[in-house]
Amino acid sequence: MTSNSPAKPFNRLLLTGAAGGLGQILRQALQAHANVVRASDISPMAPPVGAHEEVVTCNLADKAGVLALAAGVDAIVHMGGISTERAFEEILQANIVGTFHIYEAARKHGIGRVVFASSNHVTGFYPQDELVDARSPRRPDCYYGLSKAYGEDLATFYYHRYGIQTVSLRIGSSFPAPRNLRMLSTWLSYADLAHLVERALLAEDVGHTVVYGVSANRELWWSNRYAAHLGFNPQDSSEGFRAALEQQPEPSACDPAARLQGGAFTTAGPFGD
Ligand code: NAI
Ligand code: 15L
């Protein structure tokens, strides 16, 4: 950084899940907002490690480890955890216990802002023809969705009890491109993801705000009417992928993947029987 560079809003940010699909995107994107990005995961980090990065291996289920991990950071972008439906015991450790450890670490270190990777699977049992928003009663569609609902409840509790502000991102489907017909509605481009995380870090007075992470797709199932104060204005759309995806065989009308917002997650598992 030269002496003429504008000051960044944060000195040090913690990014969990940094070795994952979205973590790898955010390792780069967060560089714009912090002098140092502490990139953490239980899995190995893909090289190269940037000059702005500190790599720390940590299991979110390790309370003391997470407390040490969060020392000296100004805000946390919490992307780590199991990202699909699994046996409850696996979800319990990584997502439920792990997210509790993140909030306890934030409390003990006086960290005032968390960006939490929630999921559309908190409301996955709504039909695809119903418009859902942050105040719609939740309908988690699996243990994974339940763990994200619990993470959102942690965020509400830690805001009212300790003043820690959170933006919970109910991410749709964030991949380089939508993979199936359902994702024409749920897709979040990587550029829109980076913009969303930026707004979630920088918007003021967010309390606990819930926002759906979705691009400006033609057929949306989610309204962000209660998150307008974030200033999230997605620029991309799945429309350019429509023609190719419409060549895929349509799921049968009685298949939940064709009817319910959560798609295949609504019938995944049970695992571990
Ligand atoms: P991912 O599975 O690629 O990355 C998650 C990372 O968390 C992995 O690198 C994994 O090693 C790490 N992790 C798992 N258990 C851990 C533990 N016990 N301790 C420390 N690290 C652990 O998932 P992706 O796609 O990058 O998603 C990131 C976050 O966003 C996840 O929390 C996921 O639930 C959420 N999300 C992602 C969506 C998407 O479309 N990519 C949609 C909705 C939510
Ligand atoms: C999620 O929550 C998952 O993490 C991701 O892998 C996708 O499958 C996404 O939801 C989705 O609903 O498409």
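This is a predicted model, so every value here is computed, not measured. By convention here, the first residue in the shown sequence is residue 1. Indexing begins at 1, ligand by ligand and atom by atom, following the structure's order.
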| query | Taking the six-membered ring for Trp, are the ring centroids of W187 and F241 within less than 6.0 Å of each other? | reply | yes
| For atom 19 (N) of ligand 1, the option (of D41, T16, L60, I91) bearing the nearest heavy atom | L60
| request: Have a look at G17, S83, G23, G65 and point out the one with the heavy atom closest to atom 1 (P) of ligand 1. | output: S83
| field | 4.0 Å heavy-atom contact, S40 with ligand 1 | value | no
| message | Contact between ligand 1 and G213 is defined here as a heavy atom of the residue under 4.0 Å from a ligand atom; is it met? | response | no
| note | Among A117, S173, G81, closest by heavy atom to atom 14 (C) of ligand 1 is G81
| Can we call the ring centroids of F265 and H121 under 6.0 Å apart? | yes
| remark: atom 33 (C) of ligand 1 sits nearest the protein heavy atom Y144 OH, 3.5 Å
| task | With heavy atoms under 4.0 Å as the rule, classify the contact between W187 and ligand 2 as side chain, backbone, both or neither. | result | neither
| Hey, are D74 and R12 close enough for a salt bridge, meaning a charged N less than 4.0 Å from a carboxylate O? | no
| Cation-pi between R86 and F271: NZ/CZ under 6.0 Å from ring centre and within 45° of the ring axis? | yes
| task | Check each of S174, G98, G20 against atom 41 (N) of ligand 1 and report the one with the nearest heavy atom. | result | S174
| Least distance between heavy atoms, M45 atom then S40 atom | CE-C, 4.0 Å
| Any N or O of L22 that comes nearer than 3.5 Å to an N or O of ligand 1? | yes
| message | Using a plain distance cutoff, I'd like to know if S119 has any nitrogen or oxygen under 3.5 Å from a nitrogen or oxygen of ligand 1. | response | no
| Should the pair W222 and Y212 be assigned to parallel (<30°), tilted (30 to 60°) or perpendicular (>60°) ring geometry? | parallel
| task | Answer yes or no: does an N/O atom from T84 fall short of 3.5 Å to an N/O atom of ligand 2? | result | no
| query | If you take all heavy atoms of L15 and G23, which pair is closest and at what distance? | reply | CD2-O, 3.6 Å
| note | among protein heavy atoms, the one nearest atom 4 (O) of ligand 2 is S83 O, 2.6 Å
| request: Verify whether one side chain among E104 and Y158 offers a donor that lies under 3.5 Å from an acceptor in the other. | output: yes
| Would you say the side-chain atoms of D236 and S215 include a donor-acceptor pair closer than 3.5 Å? | no
| task | Check each atom of ligand 2 against the heavy atoms of F265 and keep those under 4.0 Å away; list them by number with element. | result | 3 (C), 8 (O)
| query | Got an N/O contact under 3.5 Å between A94 and ligand 1? | reply | no
| query | Is K148 near ligand 2, meaning one of its heavy atoms is under 4.0 Å from it? | reply | no
| query | Would you say S43 and ligand 1 have an N/O pair spaced under 3.5 Å apart? | reply | yes
| remark: The atoms of ligand 2 lying under 4.0 Å from a heavy atom of M183, numbered in the order shown, are 13 (O)
| Of all the heavy atoms in T186, does at least one lie under 4.0 Å from an atom in ligand 2? | no
| task | Counting heavy atoms only, name the option from G172, S119, A268 that's nearest to atom 9 (C) of ligand 2. | result | G172
